[in-house]
Amino acid sequence: MTVTPHAVEAFDLDAAWALAPQVAIRPEPFGALAYHFGTRRLSFLKTPTLRSLVESLAAYPSGRAACLAVGIASEELPQYARSLSVLAGTSMIIRRETP
Amino acid sequence: MSVAVAPARLVDHFEAGLDAPICLTWELTYACNLACVHCLSSSGRRDPRELSTEECKSIIDELQRMQVFYVNIGGGEPTVRRDFWEVLDYATAHDVGVKFSTNGSRITPAIAERLAAADYVDVQISLDGASAEVNDRVRGAGSYATAIRAMERMHASGFRGFKVSVVMTRENVSQLDAFKAIADRFEAQLRITRLRPSGRGADVWAELHPTQQQQGELYQWLLAHGEGVLTGDSLFHLSAYGQSLPGLNLCGAGRVVCLIDPVGDVYACPFAIHDAFLAGNVRAPGGFAKVWRESELFTQLRRPQSPGVCGSCTHYDSCRGGCMAAKFFTGLPLDGPDPECVLGHGEHALAVRHGSTLPRPQADHSRRRPPDRACDEDPVTVFLRVSAPSRAS
């Protein structure tokens, strides 16, 4: 089953996020492949930084803190927030209840 | 879907090949209870050398190590293998998701229930006409009813989003809306792919491939339906009409995809069962990974390819020269236009191609059926049979 991506909404960088449990990441020179075994959807993470960010989400109290930790500059935040928003819209990353 | 942060050209990475395929096609058997006229793998009879259950499991172990997240299992009709469900369960238990293609003949209500309950499994039911008349001419008498019955059972079991898989032909392009209605009726997803002159398809391609006008209709229809209709990235030659279709829009053969056939031979793609595209066999030392990473053929395919005469065409960046297998089996040079080039360069190339013999698809497992009429029988065979000495004497 393929999930139609929701419209890219404003991403809540201050919420706590994590990679969905059914998602596996395969590192590649350009970034990574991300595969969701439940939705059977494949995504391409187009930069190594985005891969690090996605893998780091669970370790930080907020999306913003994870972005800072992997070295994303403040002027780059909007574009990474957009990428995270697409990933959230396809259930690749999910909100964590607790920070 | 891709998530863009920097304007990196993912296509360049893919054309240079990855350490492991993104996904691959794995045909489990050449046995099939149908005899579709366009069968890409000329299936019918089982091959005695087909991989054993243990060999299949060892390939799955390897795919798990390589992080190949999913395989497209086909055939032949894969469900006729006695160990089909065992192989399927082994794959999904080892982080290799499965989508399998079937003609639906073995989808009983109980099997449908089982599939609906299984995570990591997707099902693709083949249908090449939105009416029995059109479908059965290609897939054989009764095959439409069989496929629809399977879809009814899948739907009744609660399986949502299985695929209805259609090969586009001259006879069914006009049925696109009807195919979509069938998929919608069963809460399934429509997937349409390109007819290739591969396998038995080589014999019917000239009469069955869509006309130039139909290609335009197909393109417009796809644009109107967007990502809701899947194409397996097989119709990227249509992108030369203008706007790119969803998908990678490149030939991934030997670069990001490949085929493992029932006897373990690894080909660049499922439509290229011919020695010219044979990279190796999984039974050789080093297994599949060594073939993928080191074979001469795949290494060569990952080098920059010459666009040939297409280099001067302003649309080359869209269509990338089209489909390698389509060119090969129609006798066209690989560094030239696709036979179905939407600008008409392929038709011209076909008209002026050299040589009278086309490369024949190999590994033919078509069933030898009794001849319809006595005069269809090979006269040499008849002669031998008549003149053979009787052993009983």
Inset, instruction - Start with the C-alpha distance between B/Y120 and A/Q22, add both sets of side-chain angles, then the distance that settles side chain to side chain contact (heavy atoms under 4.5 Å, CB included), and finish with yes or no. - result: CA-CA 10 Å; B/Y120 306 176; A/Q22 282 180 295; 3.6 Å; yes
Legend entry - Evaluation steps, side chain to side chain contact (heavy atoms under 4.5 Å, CB included), between A/L42 and B/Y70: CA-CA 10 Å; A/L42 180 74; B/Y70 65 101; 4.3 Å; yes
Inset, instruction - Under the side chain to side chain contact (heavy atoms under 4.5 Å, CB included) rule, what do A/R26 and B/L18 come out as? Steps first, then yes or no, please. - result: CA-CA 11 Å; A/R26 183 173 111 190; B/L18 301 179; 3.9 Å; yes
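Atom NZ of B/K57 is surrounded by more than 12 heavy atoms from other residues, nucleotides or ligands within 6.0 Å.
Contacts of B/D95 with chain A are made by both backbone and side-chain atoms, with heavy-atom separations under 4.5 Å. Within the 4.5 angstrom heavy-atom criterion, atoms from both the backbone and the side chain of B/A20 approach chain A.
Of the listed residues (B/D119, B/T92, B/I22), the greatest number of heavy-atom pairs within a distance under 4.5 Å of chain A belongs to B/I22.
The minimum heavy-atom distance linking B/L10 with A/K46 is given by the pair CD2-CE, 3.7 Å. In terms of heavy-atom proximity, B/L248 sits nearest to A/F44 at CD2-CE1, 3.7 Å.
The backbone N or O of B/V121 lies less than 3.5 Å from a partner atom in the side chain of A/R40, making a donor-acceptor pair.
Using a 30° and 60° split on the angle between ring planes, B/F69 and A/Y35 fall in the parallel class, below 30°.
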